[in-house]
Amino acid sequence: MSDHLAGGYDLVIFDLDGVVYLIDKPIPGAAEAVERLRADSTPIAYATNNASRRAADVAALLTGMGVSAEPAEVLTSAGASAALLAERLPHRAKVLVVGAEALRAEVRDAGLEPVGSAEDEPVAVLQGYGPEVGWKILAEAALAVRAGAAWYATNTDRTLPSPRGPLPGNGSLVAVLRTALDRDPDVVVGKPQPGLFTTAASLAGARRPLSVGDRLDTDIQGAVGAGMDSLLVLTGVSGPADLLAAPGDRRPTYVAADLSGLFRPADGARVPAPGDTAGGWRVTRDGDHATLDGSGDPVDALRLLCGVTWDGVDPSGIEPLSSEARELLAGWGVWAVG
């Protein structure tokens, strides 16, 4: 058994936005983490819900950031959605595409005909993220679905991480149509559905893959659904308060501040932390309440606290005893300075 977390797995599947980069800037340490995995001969895959780029474009973007990647290592919800439609629809069937040019190109390459109007009588609507998506194409999509077209969404991520904070994602745009149509999409293809995870593992021939993500509601829930271990990194959307309140199907195997956690001992990243002490922290439970005392690495405190919140203590029932604990809990938004 390896002495670090990643060494126990035969494939590492990375989410991209919030894990490897933020919009178009690499997250510090991402390139180094990937190169260390390659030096250890650990296979890598990249699986993203973002449907605005094709696999080759994603690989080129990563390489330009100094993160090595090959197109064959990249799985996108755009490619997976187009492939699914090609399985279900006749050749050259018309599909109204809501999203970026990359999504239209995937549909075209899958042997289908992308269109932009309900008057073209599409048999399906495929909706994915695109920065130029506006009212006009959303209106055409609503008309097409009302006329009987099947409605597919590449993903339903409500937000996209960015250096300036969360931005509206495809899930926010899907919500526009959901409100207008008073119904949900017929099919959601990307995470948290297990398809991207299982496809990545199958292509690599992996028997023990690890999924790495920043979102509990897509990356981690998808990994749980696929029966895979997962690592949550705190560089993107989901934060400590989200993790403390996570339901059972959104709980990661490990948590780390960033991708450097891949190369630390697995027991030092496992959640919840075993026992009532970790690093310089101590958690004591008394019924429906718990206290946090001490100081040290915030992730160690988070791992300990997951042990009590996942066992029934509401995060609001955690009381800090030390000044470091007060500062930490206040920063996480789970304790109000009195």
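- Taking every heavy atom of both residues into account, G128 and N170 meet most closely at C-OD1, 3.0 Å.
- Side-chain atoms of R36 and L262, non-hydrogen and from C-beta on, never get closer than 4.5 Å to each other.
- Looking at T235, its side chain does come within 3.5 Å of a backbone N or O of G18 through a donor-acceptor pair.
- Checked options D157, D217, T159; the residue passing with V237 is T159 (criterion: side chain to side chain contact (heavy atoms under 4.5 Å, CB included)).
- Residue-environment remark: CD (E35) exceeds the threshold of 12 foreign heavy atoms within 6.0 Å.
- Classification of the Y9-Y254 ring pair by plane angle, with boundaries at 30° and 60°, yields perpendicular.
- When atom types are taken as modelled, the side chain of R38 and the backbone of I44 share no donor-acceptor pair closer than 3.5 angstrom.
- At a cut-off of 3.5 Å, with distance as the only test, a side-chain donor of S260 or D258 sits close to an acceptor on the other residue.
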Please step through side chain to side chain contact (heavy atoms under 4.5 Å, CB included) for the pair E324 and W281, ending with a clear verdict. CA-CA 10 Å; E324 292 85 354; W281 300 101; 4.1 Å; yes
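- The minimum heavy-atom distance between P71 and A55, with the atom names listed, is O-CB, 3.8 Å.
- To the nearest 0.5 Å, atoms CD1 (I13) and CG (L75) are separated by 8.5 Å.
- For the atom pair CD1 of I220 and OG1 of T253, the computed distance is 7.5 Å after rounding to the nearest 0.5 Å.
- From L329, atom CG reaches atom OG of S322 across 8.5 Å, with rounding to the nearest 0.5 Å.
- The cluster map of Ile, Leu, Val, Met, Phe, Trp and Tyr, joined by side-chain heavy atoms under 4.5 Å apart, puts V233 and L62 in the same cluster.
- Salt-bridge formation is detected for the pair R108/E101: a Lys NZ or Arg NE/NH1/NH2 atom is positioned less than 4.0 Å from an Asp or Glu carboxylate oxygen.
- Ion pairing of D219 with K191 is present here, as a side-chain N (NZ or NE/NH1/NH2) and a carboxylate O approach within less than 4.0 Å.
- For the pair D40 (side chain) and T42 (backbone), a donor-acceptor distance under 3.5 Å is absent.
- To the nearest 0.5 Å, atom NE2 of residue H289 and atom CD of residue E319 are 8.5 Å apart.
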Apply side chain to side chain contact (heavy atoms under 4.5 Å, CB included) to the pair L61 and L16, showing each step before the final yes or no. CA-CA 11 Å; L61 175 68; L16 291 175; over 6 Å; no
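- With D242 contributing its side chain and G239 its backbone, the two residues share a donor-acceptor pair below 3.5 Å.
- Side-chain contact between L243 and P252 is present, with heavy atoms from C-beta onward closer than 4.5 Å.
- Side chains of M65 and V20 form no contact here, defined as non-hydrogen atoms less than 4.5 Å apart.
- A donor-acceptor pair under 3.5 Å is absent between the side-chain atoms of R282 and the main chain of T291, judged by distance alone.
- With rounding to the nearest 0.5 angstrom, the CG atom of D288 is 9.0 Å from the CG atom of D286.
- Paired with T154 under the rule side chain to side chain contact (heavy atoms under 4.5 Å, CB included), one option of L126, V189, V98 passes, and it is L126.
- L37 places a side-chain heavy atom less than 4.5 Å from the side chain of F263.
- Looking at heavy atoms from C-beta onward, V271 lies in side-chain contact with W310 at the 4.5 angstrom threshold.
- Closest non-hydrogen pair, E140 versus E119, comes out as OE1-N, 4.4 Å.
- Scanning both residues, A82 and A110, for their nearest heavy atoms gives O-CB, 3.7 Å.
- Under the 4.5 Å side-chain heavy-atom criterion for grouping Ile, Leu, Val, Met, Phe, Trp and Tyr, W332 is connected to W335 within one hydrophobic cluster.
- For Y152, there are no ring pair (Phe, Tyr, Trp, His ring centres under 6.0 Å) partners at least two apart in sequence or on another chain.
- Counting only distance, with no hydrogens or angles, the side chain of D120 and the backbone of P122 share no donor-acceptor pair below 3.5 Å.
- Although no hydrogens or angles enter the test, the distance criterion places no donor-acceptor pair under 3.5 Å between the side chain of D293 and the main chain of L321.
- The minimum heavy-atom distance between D17 and P161, with the atom names listed, is C-CG, 3.6 Å.
- Side-chain atoms of V95 and E113, non-hydrogen and from C-beta on, never get closer than 4.5 Å to each other.
- Looking at E73, its side chain never comes within 3.5 Å of a backbone N or O of S68 through a donor-acceptor pair.
- At least one donor-acceptor pair closer than 3.5 Å links the side chain of S238 to the backbone N or O of L216.
- Cluster membership check: V19 does not share its hydrophobic cluster with L160, using side-chain heavy-atom separations under 4.5 Å among Ile, Leu, Val, Met, Phe, Trp and Tyr.
- D314 and S316 share a side-chain donor-acceptor pair at under 3.5 Å.
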Verdict with supporting geometry, D184 and R178, side chain to side chain contact (heavy atoms under 4.5 Å, CB included): CA-CA 6 Å; D184 291 327; R178 182 184 287 117; 2.6 Å; yes
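- Within the model, atoms CG of L181 and CG of L143 stand 9.0 Å from one another, a figure rounded to the nearest 0.5 Å.
- With contacts defined as side-chain heavy-atom distances shorter than 4.5 Å, the pair V224/R251 does not qualify.
- The pair D229-R208 counts as a salt bridge, with a side-chain nitrogen and a carboxylate oxygen less than 4.0 angstrom apart.
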Could you check R183 against V145 for side chain to side chain contact (heavy atoms under 4.5 Å, CB included), going step by step and ending with a plain yes or no? CA-CA 10 Å; R183 55 164 289 192; V145 172; 3.4 Å; yes
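- At least one side-chain heavy atom of I137 sits under 4.5 Å from a side-chain heavy atom of L96.
- Transitive grouping of hydrophobic side chains (ILVMFWY, heavy atoms separated by less than 4.5 Å) keeps L112 and V125 in distinct clusters.
- Between F197 and S211, the shortest heavy-atom distance links the atoms CE2-OG, 3.0 Å.
- Not a single donor-acceptor pair under 3.5 Å links the side chain of T48 to the backbone N or O of T76.
- In the hydrophobic clustering of this structure, W151 does not group with L89; members are Ile, Leu, Val, Met, Phe, Trp, Tyr whose side-chain heavy atoms approach within less than 4.5 Å, directly or through other members.
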